[in-house]
Amino acid sequence: MQSRYELIIYWSDDDQCFIVEVPELQGCMADGSTYQEAVKNVEVIIQEWIETARQLGRPPHM
């Protein structure tokens with residue numbers, strides 16, 4: 001899956017991993033030990049976030 005959401009990706013010295021935030025989806029974020037792993041992980045989380053929002057009757061963009 002390729003999302004069309006903005007991704008903010010940065011290295012966290014505290015966590016020793018890459019963090020990916022999705023600003024359009026409140027609280028949607030993931031991490032990974034590599035840049036590629038972090039992006040792959042956030043793609044899964046985006047789908048889960050949207051699925052959960054729909055189940056709760058909320059619009060997919062919050």
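Checked against side-chain hydrogen bond (donor to acceptor under 3.5 Å, both in side chains), Ser33 has the following partners two or more places apart in sequence or in another chain: Glu37. For Glu48, there are no side-chain hydrogen bond (donor to acceptor under 3.5 Å, both in side chains) partners, not counting sequence neighbours. Ser12 meets the side-chain hydrogen bond (donor to acceptor under 3.5 Å, both in side chains) test with Asp15; sequence neighbours excluded.
Interatomic distance, OG1 of Thr52 versus CG of Leu25, reported as 11.5 Å (0.5 Å rounding).
Side chain of Trp49 to backbone of Gly27: no donor-acceptor contact under 3.5 angstrom is found. Looking at Glu24, its side chain does come within 3.5 Å of a backbone N or O of Glu6 through a donor-acceptor pair. In this structure, the side chain of Gln16 engages the main chain of Asp13 through a donor-acceptor pair within 3.5 Å.
Between Tyr5 and Ile50 the shortest side-chain heavy-atom distance falls below 4.5 Å. Looking only at side-chain heavy atoms (C-beta outward), Ile8 and Val20 stay at 4.5 Å or farther from each other.
Cluster membership check: Leu7 shares its hydrophobic cluster with Phe18, using side-chain heavy-atom separations under 4.5 Å among Ile, Leu, Val, Met, Phe, Trp and Tyr. Linking Ile, Leu, Val, Met, Phe, Trp and Tyr residues whenever their side-chain heavy atoms come within less than 4.5 Å leaves Ile19 and Ile45 in two separate clusters. Placement of Met29 and Tyr35 in two distinct hydrophobic clusters is found when ILVMFWY residues are connected by side-chain heavy-atom separations under 4.5 Å, directly or transitively.
Of all heavy-atom pairs between Ala38 and Ala30, the closest is O-CB, 4.4 Å. For Cys17 against Gly32, the heavy-atom pair with the smallest separation is CB-O, 3.3 Å.
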